[in-house]
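In what follows, chains are A, B, ... by sequence order, proteins preceding strands, each numbered from 1. Basis for what follows: all heavy atoms, side chains included, without hydrogens, waters or symmetry-related copies.
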Amino acid sequence: MSPLQPARGTRDLIGEELRRHRHVIETARRIAETFGFEEWATPVFEDTRVFSRTLGETSDVVMKEMYSFTDRSGESLTLRPEATAGVCRALVSNGLTQSLPQKVFYAGPMFRYERPQKGRYRQFHQIDIELIGPAHPLADAEVMACGHCILEALGVAEGVTLEINTLGDAASRAAWRAALVAYFTARRDELSAESQARLERNPLRIIDSKERADQPIIAAAPVIAPYLTPSAAAFYAGVKQGLLRFGVPFRENPRIVRGLDYYGHTAFEFVTTGLGAQGTVMAGGRYDGLVAEMGGPPTPAVGWAAGIERLAMLLPAVPEAAAPVAVVPIAPELEAHAVVILQRLRREGIRAELEYTGNLRRRMERANRIGARWAVILGEAERERGSVQLKDLASGAQSEVPEADLIARLS
RNA sequence: GCGGGCGUAGCUCAGUUGGCAGAGCGCCAGAUUGUGGUUCUGGAUGCCACGGGUUCGAGUCCCGUCGCUCGCCCCA
């Protein structure tokens, strides 16, 4: 039997990797809170229909990437492939459509059955922002501004570009879609096989194709701008103006569309060249129809999701674990006293560890290995004088300190 | 779902035409019984990813499986 390994596409987060991961979440949460977002947590699995109805029956996520299973009562459940659908379901389930706006921050694991590669896992983690309620274009800008601030706070904004587009309202999109179908149908034979299939299912996604053969055809394809209704055009103009007001740099890219069907109006991606094939680091848009599809009233909303693994890979600096104080009794008789001091330090919020095996040399070696800043050495003679030896492990300087002064010396 | 590369010690890796399983780092012990880091001496590393085949003999060649990785596709 081969050795037990983590399941394909999953991994253990230990040490530096978890510190990076947590740093992304904690930074994002802190910034999002300054924008007024509050954290939610919803179940990792949902009724399959929460996703199958709303993400689009023809989307790749629904067709071939969901972890769906039947439980013992015969119900079809699915490990969530993304956060937004679950948040909208929770909004409706909890009657919160009556208390809008809701500003939601989310962080947690998502699941998609895909072939793993750099920055892509079967269990991956996202941070997520949803602003539910406002139909105002400034809401779109604020959501993007929040994302931009998070990228700045993480120190990764430098290499990242915000690209935006509009998918218009339903009327604009229908007109554009008709133009695209006409255009691509005329050139059907030149398209890649994949794009020919998309022509039936989801012609907008041809625009997003990375197939080399499709590129010249896409480059000449109609853009949405001429098909925008006056109100959709005004909305998009409002979003761009909002971004200027928030001071968020962006670039228009008329080829951005979304993989999930519930998006309309604003679509955007924060992209980088620093991650190989996985260049999108944060992406989202407006999804005014989703809450209604979940059984709630028509409710405007806009949001984004970002891959934590991808952000963690871009982090310029790794957060360091706090350097502890090592408490080192010289002999077993001093252990009881060592525990008293250990707990006294911890109650002051100082990270302290007890070195409780081996001779003094072994204990000091271990203090060094765990990266201790100070060693508090407890000896018989000092005990009688009510003091300890305090050693600075960086400089090697050591002095005898009265126990009463110890906390002050370490603060 | 498709294509390329790779799996040898805890880690990074070497291993010649098929002929005793190796190095560095790390780990353990000692030099130093009340003092870490640097140094010196000694020691242990192992299902050579897993399963099968060829061969007197396989880490090495062949087949399959699993995993990792880089692309494609898709997406965050």
| message | Taking B/G59 as the reference, what is the distance to B/C48 when you measure between their C1' atoms (whole Å, please)? | response | 5 Å

| task | From the options B/G36, B/A76, B/C70, select the nucleotide whose nearest atom is closest to the side chain of A/Q117. | result | B/C70

| Pairs in or reaching into residues 385-402 of chain A: which pass salt bridge (Lys or Arg N to Asp or Glu O under 4.0 Å), with residues at least two apart or in two chains? | A/R373-A/D392, A/R385-A/E400

| message | Measuring only the P atom in each nucleotide, how far is B/C56 from B/C6? A whole number of Å is fine. | response | 29 Å

| message | Heavy-atom nearest nucleotide on RNA chain B for A/A305 versus A/T10: which residue maps closer to 5'? | response | A/T10

| field | P atoms of B/G26 and B/U41, separation to the nearest Å | value | 15 Å

| request: Report the distance from atom CE of A/M66 to atom P of B/A76, rounded to the nearest whole Å. | output: 15 Å

| message | What's A/A331 touching, base or sugar-phosphate or nothing? Going by heavy atoms closer than 4.0 Å. | response | nothing

| said: Would you say A/Y106 and A/T42 are linked by a side-chain donor-acceptor pair, where the criterion is simply a distance under 3.5 Å? | reply: yes

| remark: Whole-Å distance, A/E163 CD to B/A76 C1', equals 15 Å

| message | Taking B/C11 as the reference, what is the distance to B/G19 when you measure between their P atoms (whole Å, please)? | response | 26 Å

| All salt bridge (charged side-chain N to carboxylate O under 4.0 Å, His left out) counterparts of A/R20, not counting sequence neighbours | A/E16

| query | Is there a donor-acceptor pair closer than 3.5 Å between any side-chain N or O of A/S395 and the backbone N or O of A/A397? | reply | yes

| d(CZ, A/R115; P, B/G1) in whole Å | 8 Å

| said: Under 4.0 Å, counting only non-hydrogen atoms across every strand here, what does A/Y121 touch: a base, just sugar-phosphate, or nothing? | reply: base

| A/E114 CD - B/G1 P separation (whole Å) | 12 Å

| query | Expressed in whole Å, how much space separates the C1' atoms belonging to B/C20 and B/G30? | reply | 30 Å

| Which nucleotides of nucleotides 27-34 of chain B have their base under 4.0 Å from a protein heavy atom (B), which only their sugar-phosphate (S), and which neither (-), written as one string 5' to 3'? | SSS-BB-B

| query | How are the rings of A/H148 and A/F270 set relative to one another: parallel (under 30°), tilted (30 to 60°) or perpendicular (over 60°)? | reply | parallel

| query | Could you give the CG-to-P distance, from A/L393 to B/G37, as a whole number of Å? | reply | 11 Å

| note | salt bridge (charged side-chain N to carboxylate O under 4.0 Å, His left out) filter on A/R362, not counting sequence neighbours, yields A/E365

| request: Take atom P in B/U39 and the same atom in B/G34, then report the distance between them in whole Å. | output: 25 Å

| Length of the OH-P vector between A/Y113 and B/C2, whole Å | 10 Å

| What does A/G396 touch in the nucleic acid at a heavy-atom separation under 4.0 angstrom: a base, only the sugar-phosphate, or nothing? | base

| said: For a quick check, tell me whether the side chain of A/N368 and the base of B/G37 share a donor-acceptor pair closer than 3.5 Å. | reply: no

| said: Measure CZ/A/R8 against P/B/A49 and give the value in whole Å, please. | reply: 18 Å

| Length of the CG-C1' vector between A/L390 and B/U35, whole Å | 13 Å

| field | Rounded C1' spacing from B/G4 to B/C40 in Å | value | 49 Å

| query | Can you tell me how far P in B/A23 sits from the matching atom in B/G43, rounded to whole Å? | reply | 11 Å

| query | Going from CD on A/E46 to CG on A/L77, what distance comes out if it is rounded to the nearest 0.5 angstrom? | reply | 9.5 Å

| task | Give A/A367 one of three labels, base, sugar-phosphate or nothing, depending on what nucleic acid heavy atoms sit under 4.0 Å from its own. | result | nothing

| request: Measure from the side-chain N and O atoms of A/R120 to the backbone N and O of A/E114, and report whether any donor-acceptor pair falls under 3.5 Å. | output: no

| Can you list the stems that include RNA chain B, where a stem is three or more consecutive Watson-Crick or G-U pairs with distances under 3.5 Å? | B:1-7 with B:66-72, B:10-13 with B:22-25, B:27-31 with B:39-43, B:49-53 with B:61-65

| request: Taking the six-membered ring of A/F111 (Phe, Tyr or Trp), confirm whether the NZ or CZ of A/R122 is under 6.0 Å from its centre and within 45° of its axis. | output: no

| remark: Quick note, salt bridge (Lys or Arg N to Asp or Glu O under 4.0 Å) partners involving residues 326-346 of chain A, not counting sequence neighbours, are A/R344-A/E403

| remark: On RNA chain B, more 5' by nearest nucleotide between A/A397 and A/A306 is A/A397

| said: For a quick check of understanding: with a heavy-atom distance under 4.0 Å over all strands, which category does A/G9 fall into, base, sugar-phosphate or nothing? | reply: sugar-phosphate

| remark: salt bridge (charged side-chain N to carboxylate O under 4.0 Å, His left out) test vs A/E355 passes for just one of A/R363, A/R366, A/R361, namely A/R366

